[in-house]
Amino acid sequence: MASPLQHRGEHHVVVIGAGVGGLVSALQLAARGLSVTLLEAADAPGGKMRQPLVDGAAIDSGPTVFTMRWVFDQIYASAGASIDQELQLNTLPVLARHAWSAGEEMDLFADPAQSRDAIARFAGPAEAARFVQFCRQAREVYDTLEGPFIRSQSPTLASMAGELGLKGLAVLAALGPMSNLWEALGKHFHDYRLQQLFARYATYCGSSPWEAPATLMLVTQVELDGVWSVEGGMHALARSLAMLAERKGATLRYGQRVAGIKVDGGRASGVITEAGEHIAADSVVFNGELSALGLGLVGDAARRAAPPLTPSKRSLSALTWSLHAETTGPFRLDRHNVFFQPDYAHEFGDIFARSRLPRTPTVYVCAQDRGDPATTSTPGRDRLLVLVNAPAQDGHPLNESEIDACESHTFSLLARYGLTVCRTPQNCLRTAPADFERLFPGSAGALYGRATHGWMSAFSRNGARTRIPGLYAAGGSVHPGPGVPMAAMSGQLAAATLMAHLDSTSRSRRVHISGGMSMR
Ligand SMILES: Cc1cc2nc3c(=O)[nH]c(=O)nc-3n(C[C@H](O)[C@H](O)[C@H](O)COP(=O)(O)OP(=O)(O)OC[C@H]3O[C@@H](n4cnc5c(N)ncnc54)[C@H](O)[C@@H]3O)c2cc1C
């Protein structure tokens with residue numbers, strides 16, 4: 001095994017997984033002169049940012065909302081590149097279109113003044129004024145937590161309290177002691193529909209608005225700060241990061257599932273692939289679901305790296321339909337569309353308390369060729385991702401008839417609201433929680449790692465370090481959490497932590513992301 005103080009180019013890192021966290025780690029480590037081999041089980045990069053072919057069309061079937069562009073600006077810059085030269089990003093004028101019944105629709109816009117006017121028309125001027133107040137508070141919460149929490153390597157309550165200062169503590173205290181997101185929104189909005197609209201942002205972290213802390217209103221701020229489309233779809237971002245990592249000297253190998261992480265003398269020392277190949281490494285970065293380690297899915301030696309999540313801590317899964325289909329009806333599809341039902345609490349009760357598919361699901365539809373003048377679709381047909389929230393599969397496995405019933409509720413709701421989707425077995429690919437578990441082993445189909453339920457949950461996420469020296473973790477199941485930009489930041493943190501171990505002469509140094517990757 002090589003010494004941590006050896007020449008950088010001699011330090012070999014194996015990255016397991018080409019999700020966004022793994023790609024960013026591989027890119028940043030290669031850009032700093034380390035020898036990097038990335039092994040990915042699938043035949044393409046991206047992980048959840050996948051793009052299966054359905055009826056000849058490539059459909060974005062994972063993340064669809066690109067936010068926090070600055071995170072990627074910094075990542076590309078830290079590798080001596082520019083995101084604008086690698087990808088075509090377009091600002092979307094409409095953040096999302098929301099519907100509560102046929103004709104009862106409201107858009108949120110990139111321009112806050114336009115959103116305020118839309119809310120005034122939809123729910124009255126007093127509600128529009130409350131929206132402005134809400135934006136002010138969401139901005140304060142975001143600004144307060146970005147440094148001490150989001151960018152920090154592994155924040156604790158104590159470390160965060162120290163960094164927040166009196167002003168930061170006052171911002172958090174104003175949310176109300178221990179209040180959940182739903183209650184906090186109820187203090188702002190008198191119109192239930194708006195409370196519901198902004199509560200939905202808890203699901204971006206796979207959580208219930210009734211159990212998520214009020215601080216999760218910062219997710220709203222992330223979206224209000226702008227949403228972009230990526231030409232070629234979100235998957236193009238993964239391909240671009242993969243190409244850049246290769247240009248920096250990383251070797252990326254697809255169709256290579258790692259069956260075991262080797263540990264020698266208490267330190268990670270390499271991996272064994274499913275095909276039986278042994279690859280020695282001085283450090284290993286694991287970008288799969290963190291629970292896979294504790295469950296022994298990457299070998300017994302790595303079990304003690306991190307304990308698996310207990311089922312009650314899992315985040316949301318989803319039931320999705322990727323479609324290349326004709327749509328009819330009066331609903332004007334935009335790129336991001338949300339169809340609400342009146343009983344929102346019931347949806348989360350079904351999922352988290354009764355561990356079943358929601359009887360009254362909220363339906364999200366991404367029409368990836370709409371809303372952006374720069375893209376065109378096949379005339380008459382749309383590339384669609386239809387998504388409803390679902391429970392993870394630790395409880396009773398969902399059977400086909402439950403899934404069929406949910407499918408029928410979903411598409412009849414859309415038709416009632418004015419959007420008929422002409423689906424056939426040929427133009428539709430359905431993905432259920434059990435399929436997500438197969439794609440992302442150890443997740444039980446949960447798509448966002450640990451749910452952010454309760455005030456302390458955000459501090460319970462593992463950081464980049466694991467209990468095994470030389471083994472690091474990156475991805476949506478570790479700090480700072482799920483979502484493409486957050487998982488990307490976790491990749492930066494894993495790379496920065498590894499580099500700090502490699503370079504450090506001082507044990508007291510703390511790792512922090514600021515402007516790419518640096519330490520203080
Ligand atoms: C349907 C859906 C919608 C979403 N919507 C949004 C959204 O709009 N906006 C947003 O920001 N986020 C969204 N997310 C969340 C976001 O996609 C994820 O948080 C993020 O992409 C996770 O990245 P990751 O780094 O954790 O890696 P993952 O995407 O989880 O990828 C991990 C990779 O590791 C590989 N792997 C695992 N184990 C092994 C092994 N043993 N050997 C080799 N390879 C292995 C897997 O094959 C996989 O490719 C969505 C997710 C889904 C599924």
Side-chain angles (χ1 to χ4, degrees), residues 14-26 38-50 59-68 71-72 96 201 203-206 219 222-223 227-228 230 234-235 237-238 241-242 252-261 271-275 284-293 295 297-299 302 315-322 335-336 364 366 368 385-390 431 433 435-436 438-443 445-449 473-478 480-492 494:
V14 169
V15 177
I16 305 170
V20 65
L23 289 169
V24 168
S25 282
L38 184 149
L39 303 170
E40 164 56 53
D43 57 7
K48 296 186 177 83
M49 233 178 334
R50 64 200 184 99
I59 319 272
D60 262 349
S61 298
T64 52
V65 184
F66 183 84
T67 55
M68 294 175 83
V71 171
F72 290 94
Y201 287 101
T203 65
Y204 282 33
C205 298
V219 183
V222 161
E223 190 154 311
V227 172
W228 287 261
V230 183
M234 288 292 281
H235 182 66
L237 172 66
L241 287 168
L252 275 60
R253 294 172 54 188
Y254 299 104
Q256 305 285 323
R257 182 174 295 283
V258 170
I261 295 172
V271 301
I272 310 166
T273 68
E274 214 170 42
V284 175
V285 177
F286 184 66
N287 174 228
E289 184 74 17
L290 193 72
S291 280
L293 295 171
L295 290 169
L297 301 182
V298 269
S315 58
L316 290 168
S317 184
L319 181 56
T320 65
W321 296 265
S322 309
R335 193 182 192 92
H336 302 295
Y364 165 72
C366 173
Q368 73 183 84
L385 177 70
V386 177
L387 179 152
V388 301
N389 296 318
T431 310
D435 302 312
F436 285 119
R438 271 190 291 280
L439 288 165
F440 310 111
S443 67
L447 299 171
Y448 313 87
S477 55
V478 303
V484 171
M486 297 292 188
M489 287 172 99
S490 83
Q492 285 181 290

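Order of appearance sets the numbers: ligands from 1, and atoms from 1 within every ligand.
- Nearest to atom 22 (C) of ligand 1 by heavy-atom distance, out of A18, A487, G491, S477, is A487.
- The CZ atom of R335 lies 6.5 Å from the CD atom of Q368; values are rounded to the nearest 0.5 Å.
- Residue-ligand proximity: G46 is placed with a non-hydrogen atom under 4.0 Å from ligand 1.
- For atom 9 (N) of ligand 1, the nearest protein heavy atom (residue, atom name, distance) is V65 O, 3.2 Å.
- Ligand 1 does not have M486 within reach: every non-hydrogen atom of the residue lies 4.0 Å or more from it.
- The shortest N or O to N or O distance between N287 and ligand 1 is below 3.5 Å.
- No donor-acceptor pair closer than 3.5 Å links the side chain of S315 to the backbone N or O of G206.
- Every atom of ligand 1 with a heavy atom of L387 under 4.0 Å away is listed here by number and element: 1 (C).
- The shortest side-chain heavy-atom distance between L385 and T320 falls under the 4.5 Å cut-off.
- In the vicinity of G21, heavy-atom distances shorter than 4.0 Å reach the ligand 1 atoms 25 (O).
- In summary, the atoms of ligand 1 found under 4.0 Å from a heavy atom of G475, numbered by their order in the structure, are 24 (P), 25 (O), 26 (O).
- With hydrogens and angles ignored, the 3.5 Å screen pairs a side-chain donor or acceptor of S490 with a backbone N or O of G475.
- Side-chain polar atoms of Y364 and T203 form no donor-acceptor pair below 3.5 angstrom.
- With contacts defined as side-chain heavy-atom distances shorter than 4.5 Å, the pair V271/F286 does not qualify.
- Atom 34 (O) of ligand 1 has G17 CA, 3.3 Å as its closest protein atom, hydrogens excluded (heavy atom only).
- Near V298, meaning under 4.0 Å from any of its heavy atoms, are these atoms of ligand 1: 41 (N).
- If you number the atoms of ligand 1 from 1 as listed, the ones under 4.0 Å from a heavy atom of L39 come out as 43 (C), 44 (N).
- Listed for the S291 side chain is no donor-acceptor partner under 3.5 Å among the backbone atoms of E289.
- The shortest separation from a heavy atom of A292 to ligand 1 is not under 4.0 Å, leaving the residue out of contact.
- Note: no N/O pair closer than 3.5 Å links F286 and ligand 1 by distance alone.
- Listed by atom number, the atoms of ligand 1 under 4.0 Å from G288 heavy atoms are 37 (C).
- Counting only heavy atoms of the protein, atom 42 (N) of ligand 1 lies nearest to V258 N, 2.9 Å.
- Counting the atoms of ligand 1 from 1 in the order shown, those under 4.0 Å from a heavy atom of P485 are 11 (O).
- When G483, S61, A494 are ranked by how near their heavy atoms come to atom 12 (N) of ligand 1, first place goes to G483.
- Checking only distances, K48 does come within under 3.5 Å of ligand 1, N or O to N or O.
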**Request:** Could you walk me through whether R50 and T431 pass side chain to side chain donor-acceptor pair (under 3.5 Å), step by step?
**Result:** CA-CA 12 Å; R50 64 200 184 99; T431 310; 3.2 Å; yes
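- Within the 4.0 Å heavy-atom shell around ligand 1 one finds G62.
- Comparing A44, A488, P63 by heavy-atom distance to atom 13 (C) of ligand 1, the nearest is P63.
- Counting the atoms of ligand 1 from 1 in the order shown, those under 4.0 Å from a heavy atom of V484 are 10 (C), 11 (O), 12 (N).
- Closest to atom 46 (C) of ligand 1 among all protein heavy atoms lies E40 OE2, 3.5 Å.
- With rounding to the nearest 0.5 angstrom, the OG atom of S25 is 11.5 Å from the CD1 atom of I16.
- Among all protein heavy atoms, the one lying closest to atom 26 (O) of ligand 1 is G476 N, 2.7 Å.
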Ignoring hydrogens and angles, write down the donor-acceptor pairs under 3.5 Å from the side chains of residues 481-488, residues two or more places apart or on other chains.
none

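- At least one N/O-N/O distance between A41 and ligand 1 falls below 3.5 Å.
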